[in-house]
Amino acid sequence: MPTFYGTEIASALMLGTAQYPSPAILADAFRQSNAGIATVSVRREAGGEQAGQDFWRLVSDLNVALLPNTAGCHSVREAVTTAHMARELFNTPWIKLEVIGHADTLQPDPFGLVEAARILTEDGFQVFPYCTEDLVLCDRLVQAGCEVLMPWGAPIGTGLGLNNIYGLRSLRAHFADIPLVVDAGLGLPSQAAHAMELGYDAVLLNTAVAQAGDPATMARAFASAIEAGRAAFTADPMSPRDMAAPSTPVLGKAFL
Amino acid sequence: MKITINGTLTEVAATTLNDVLEETGYGGAKVATAVNEAFVPATLRATHPITEGDRIEIVAPRQGG
């Protein structure tokens with residue numbers, strides 16, 4: 001099971017809390033997923049409104065670790081201030097750091113990400129950076145103090161799966177001792193299984209479950225796939241080869 | 001005096017951040033605050049002065065991915 005900043009989590013599934021049809025469906029999806037971490041955000045609350053207060057009670061009852069994010073932040077200053085507000089609200093040093101660099105792809109701004117990660121780490125945060133699979137960027141994030149890396153599989157909300165398997169595999173090989181999480185872009189359980197088969201420690205997803213016709217069933221499907229993928233990785237899979245090799249023994253075949 | 005709360009121009013009598021929260025219906029709510037784009041911890045709200053034209057952000061826990 002993954003360990004983030006010294007805390008062992010009982011599940012390799014990290015699940016978002018946005019876009020569910022209702023709070024009850026969200027809670028049911030979490031029960032079916034056995035997710036160990038829920039991602040959350042901070043947003044404006046109108047005076048007298050109780051939306052945030054109701055949501056706080058809902059996620060508190062999920063009995064999972066909370067990972068607040070800086071979603072929607074496009075600058076270092078925005079992300080750092082949001083992280084501070086999140087730390088106070090959720091009483092955790094964990095922060096899923098997003099510094100968005102491009103409005104169309106929601107691709108992380110690598111330069112802002114490293115700078116914000118350094119500032120937050122120096123201020124006692126434990127940073128979970130939403131990044132790309134760029135090896136140099138990930139190296140800089142580790143140098144900035146990140147003890148976990150969360151490369152995207154594909155752009156947020158696309159459901160395209162693992163767009164750069166070579167890059168993700170390279171990260172796993174290069175950062176053997178750093179927990180790695182595929183964050184964003186997953187649409188199907190098979191894609192989550194693939195990430196785990198690559199040796200990733202966890203996957204983080206939201207839309208694939210929340211926007212499924214039956215979120216609870218999809219959550220259960222992801223949980224099963226992640227467990228299968230992890231088991232496959234630990235079982236040391238065979239190496240692929242180009243040429244066919246018969247599995248049935250040739251020796252002893254009748255001459256007919 | 002007029003200040004901006006979560007993007008809306010608002011008339012308040014309060015002169016500290018804590019009193020602004022009380023006056024505008026956030027009393028006791030689980031919220032975090034920033035004034036003029038700088039985080040203000042809950043422990044400093046009672047002494048943080050608010051002046052004409054200040055921009056206050058008040059946020060609460062919400063759904064996120």
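The sequence lines fix the lettering, A, B, ..., with proteins before strands; numbering per chain opens at 1.
Applying the 6.0 Å contact sphere to OH of Y5(A) captures more than 12 heavy atoms from other residues, nucleotides or ligands.
Put simply, of G16(A), G157(A), A18(A), the one with the most heavy-atom pairs under 4.5 Å next to chain B is A18(A). The residue among V59(A), L15(A), V40(A) with the most heavy atom pairs within less than 4.5 Å of chain B is V40(A). Among D183(A), D54(A), L89(A), the residue making the largest number of heavy-atom pairs under 4.5 Å with chain B is L89(A).
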Dump the intermediate steps for side chain to side chain contact (heavy atoms under 4.5 Å, CB included) on V59(B) and R43(A), then the final yes or no.
-> CA-CA 5 Å; V59(B) 299; R43(A) 287 294 181 265; 5.8 Å; no
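Here the side chain of Q53(A) pairs no donor or acceptor atom with the backbone of A29(B) at under 3.5 angstrom. Using a distance-only test at 3.5 Å, with no hydrogens or angles considered, no donor-acceptor pair links the side chain of T81(A) to the main chain of A38(B). Side-chain N or O atoms of Y26(B) include one that pairs as donor or acceptor with a backbone N or O of E45(A) at under 3.5 Å. At distances below 3.5 Å, not a single donor-acceptor pair connects side-chain atoms of K30(B) with backbone N or O atoms of G52(A). Listed for the N69(A) side chain is a donor-acceptor partner under 3.5 Å among the backbone atoms of G65(B).
At a heavy-atom cut-off of under 4.5 Å, chain A is reached by N6(B), G7(B) from residues 4-17 of chain B, listed in order of number.
Under the 4.5 Å side-chain criterion, counting only non-hydrogen atoms from C-beta, E88(A) is in contact with P41(B).
For E98(A), the part sitting under 4.5 Å from any heavy atom of chain B is the side chain, from C-beta outward, and nothing else. In this structure, the portion of R77(A) lying under 4.5 Å from any heavy atom of chain B is its side chain and not its backbone. At a 4.5 Å heavy-atom cutoff, A38(A) makes no contact with chain B through either its backbone or its side chain.
The two atoms that bring R62(B) and T17(A) nearest to each other are O-OG1, 4.5 Å, heavy atoms only.
Atoms CD and CZ, from E57(B) and R44(A) in turn, are 4.0 Å apart once rounded to the nearest 0.5 Å.
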